[in-house]
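To start, the structure under review is shown below, and the notes come after it.
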Amino acid sequence: MKTKIVTFGEILLRISKPEYQRLFQGHRMLGNYGGSEANTAISLACMGDNVEYVTRLPHGAMGEAALMHLREFGLKVSHVVRGGERLGTYYFEEAVAMRNSHVIYDRKNSAMYSLKRGMIDWEKVFADAAVFHCSGITCAISRDSMESTMDAIKLAAADGLIIVCDINYRKNLWGYGMEPHDVIFNMMQYSDIVFGDQNEWEVASGVPHIPFVATDDKCELDKDAYQEYFQKMHKLFPKCKKMIMALRNQLASSHHVLTGVLYDAVEGKLYTTKMYDIQPVVDPMGVGDAFVAGYIHAHQKWGDDNQYCLNFALSASALKNTIPGDQNLVSEEEVISNITSSGGRIQR
């Protein structure tokens, strides 16, 4: 039985200032690795999954350092290709009190930016794979990166892999002339599982999202409204069997309310779960990546137990808020423990 999960994207060096300083303050810089698809891959590996991460890295010390970081968590990296000018980076200014976070991307002419179609031997990558995870971010980097992603998606679909699409819309990355809606909409036509927050679902579909305004964990969702919303989504994306939406309301930089919904298109049924009232939030970067990784892990282990898979994915996402850096370094046991200790019910 094939178990390998393949994720594809760009690993980035995240550069920030300590102690909530602004980017133009002080003289010390902190560095750690991030990138949505790498975050997802590492989270899956921490939960015990068989994961291969595919990317392109430059030759030299920076490429080697990134590769060592991936290997540290047990990821398979035999199909990582080398070349290009540089490692992609981003600069992150942390939010505090009423001041929002700020992200500046520096990815132009990175190794992934200049990735060409045919550089990755997808037939070899998928030979022993069960799941392919891809992201709208990879399609936003450059036209070549987008076309490489679509080549992989089409081959994965032909090979019968489960295709997981994280919508991952980043407005500031789209600069090569394609409309984000058109590209992401096309990706989702091939996808079996789609994940995104409420705003990302709106970008992908063109259908206005339902505002999420919960101020604590006592709020109740309008289930009928979400049921109707995802019935519309199923008509737009008929291949998609599982549609997942993360819902987060940021009351302050360190106080978020988090939940999620799952729509099973085969059953025509909406699933909801508990809400987490998270205070303090230590680091919100990668919370969505933790959610999708938690769901992929749960789906591979517990299949169509939709309620439990959603409970597990949300618990993983909630835990990420407590961990500095971009990656959710928690085990399956810790995620399950968080479900029960925070008042959730294990339903199987």
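Computed from a predicted model, the values in this text were never measured in an experiment. Counting begins at 1 with the first residue of the sequence.
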Quick check on [X]: does its [atom1] atom have over 12 non-hydrogen neighbours (other residues, nucleotides or ligands) under 6.0 Å away?
{"X": "Q231", "atom1": "CD", "value": "yes"}
{"X": "Y20", "atom1": "OH", "value": "no"}
{"X": "K2", "atom1": "NZ", "value": "yes"}
{"X": "K108", "atom1": "NZ", "value": "no"}

Requested in this report: Test the K274-Y276 pair against the cation-pi criterion, namely NZ or CZ under 6.0 angstrom from the six-membered ring centroid and within 45° of the ring axis.
Outcome: yes
Requested in this report: Please determine which of F212, Y229, F230 meets the ring-ring contact (aromatic ring centres under 6.0 Å, His included) test together with W201.
Outcome: F230
Any side-chain heavy atom of [X] within less than 4.5 Å of one from [Y]?
{"X": "I104", "Y": "D106", "value": "no"}
{"X": "T272", "Y": "T259", "value": "no"}
{"X": "M62", "Y": "R86", "value": "no"}
{"X": "Y33", "Y": "Q327", "value": "yes"}
{"X": "S101", "Y": "E94", "value": "no"}
{"X": "I184", "Y": "N168", "value": "no"}
{"X": "D166", "Y": "S36", "value": "yes"}
{"X": "M243", "Y": "M245", "value": "no"}

Requested in this report: Decide yes or no on side chain to side chain contact (heavy atoms under 4.5 Å, CB included) for F291 and N328, but give the supporting numbers first.
Outcome: CA-CA 10 Å; F291 202 127; N328 198 25; over 6 Å; no
Query raised in the report: Are Y295 and F195 close enough that their ring centers fall under 6.0 Å?
Result: no
Report summary line: From the list L155, I162, D192, I153, side chain to side chain contact (heavy atoms under 4.5 Å, CB included) partner of F132 resolves to I153
Requested in this report: Decide yes or no on side chain to side chain contact (heavy atoms under 4.5 Å, CB included) for K124 and H79, but give the supporting numbers first.
Outcome: CA-CA 8 Å; K124 287 186 177 179; H79 291 101; 3.7 Å; yes
Of the non-hydrogen atoms in [X] and [Y], which two are nearest, and what is the gap between them?
{"X": "A316", "Y": "G294", "value": "CB-CA, 4.2 Å"}
{"X": "M150", "Y": "N186", "value": "CE-ND2, 3.4 Å"}
{"X": "F24", "Y": "K17", "value": "C-NZ, 4.1 Å"}
{"X": "F8", "Y": "E37", "value": "O-CG, 3.0 Å"}
{"X": "M146", "Y": "C139", "value": "CB-O, 3.4 Å"}
{"X": "Q300", "Y": "A130", "value": "NE2-CB, 4.3 Å"}

[atom1]-[atom2] distance between [X] and [Y], expressed to the nearest 0.5 angstrom:
{"X": "H299", "Y": "I193", "atom1": "NE2", "atom2": "CD1", "value": "4.5 Å"}
{"X": "E200", "Y": "Y169", "atom1": "CD", "atom2": "OH", "value": "10.0 Å"}
{"X": "L173", "Y": "I141", "atom1": "CG", "atom2": "CD1", "value": "7.0 Å"}
{"X": "L87", "Y": "R56", "atom1": "CG", "atom2": "CZ", "value": "12.5 Å"}
{"X": "K320", "Y": "L258", "atom1": "NZ", "atom2": "CG", "value": "12.0 Å"}
{"X": "T138", "Y": "M112", "atom1": "OG1", "atom2": "CE", "value": "5.0 Å"}

Examine distances only and state if a side-chain atom of [X] and a backbone atom of [Y] form a donor-acceptor pair shorter than 3.5 Å.
{"X": "R99", "Y": "R22", "answer": "no"}
{"X": "S315", "Y": "V335", "answer": "yes"}
{"X": "Q227", "Y": "G268", "answer": "yes"}
{"X": "T149", "Y": "S145", "answer": "yes"}
{"X": "S253", "Y": "A97", "answer": "yes"}
{"X": "Y53", "Y": "G9", "answer": "yes"}
{"X": "R14", "Y": "G31", "answer": "no"}
{"X": "H181", "Y": "A204", "answer": "yes"}
{"X": "K239", "Y": "Y190", "answer": "yes"}
{"X": "S191", "Y": "I163", "answer": "no"}

Query raised in the report: Given the rule in the side chain to side chain contact (heavy atoms under 4.5 Å, CB included) test, do D326 and Y90 qualify, once you have shown the distances and angles that lead to the verdict?
Result: CA-CA 12 Å; D326 290 44; Y90 80 97; 2.5 Å; yes
For residues 41-51, dump all side-chain donor-acceptor pairs below 3.5 Å to protein atoms at least two apart in sequence or in another chain.
from	atom 1	to	atom 2	distance (Å)
D49	OD1	H297	ND1	3.2
D49	OD2	H297	ND1	2.6
N50	OD1	K76	NZ	3.0
N50	ND2	T3	OG1	3.3

Find out if a path of hydrophobic residues (ILVMFWY) with successive side-chain heavy-atom gaps under 4.5 Å connects [X] to [Y].
{"X": "W174", "Y": "F185", "answer": "yes"}
{"X": "M275", "Y": "Y226", "answer": "yes"}
{"X": "V194", "Y": "V207", "answer": "yes"}
{"X": "L247", "Y": "I167", "answer": "yes"}
{"X": "L314", "Y": "I210", "answer": "no"}

Report task. Consider only side-chain N and O atoms of T273 and N311, and report whether a donor and an acceptor are under 3.5 Å apart. Result -> yes
Report task. Taking atom types as modelled, find out whether E93 and H102 have a side-chain donor-acceptor pair closer than 3.5 angstrom. Result -> no
Please determine whether a side-chain nitrogen of the Lys or Arg among [X] and [Y] lies less than 4.0 Å from a carboxylate oxygen of the Asp or Glu.
{"X": "K242", "Y": "E267", "value": "no"}
{"X": "D264", "Y": "K241", "value": "no"}
{"X": "K218", "Y": "D277", "value": "no"}

Query raised in the report: Can you list the steps and then say if V257 with T215 is a side chain to side chain contact (heavy atoms under 4.5 Å, CB included)?
Result: CA-CA 7 Å; V257 178; T215 56; 5.7 Å; no
Report task. Measure the acute angle between the ring planes of H69 and F73, then classify it against the limits of 30° and 60° as parallel, tilted or perpendicular. Result -> perpendicular
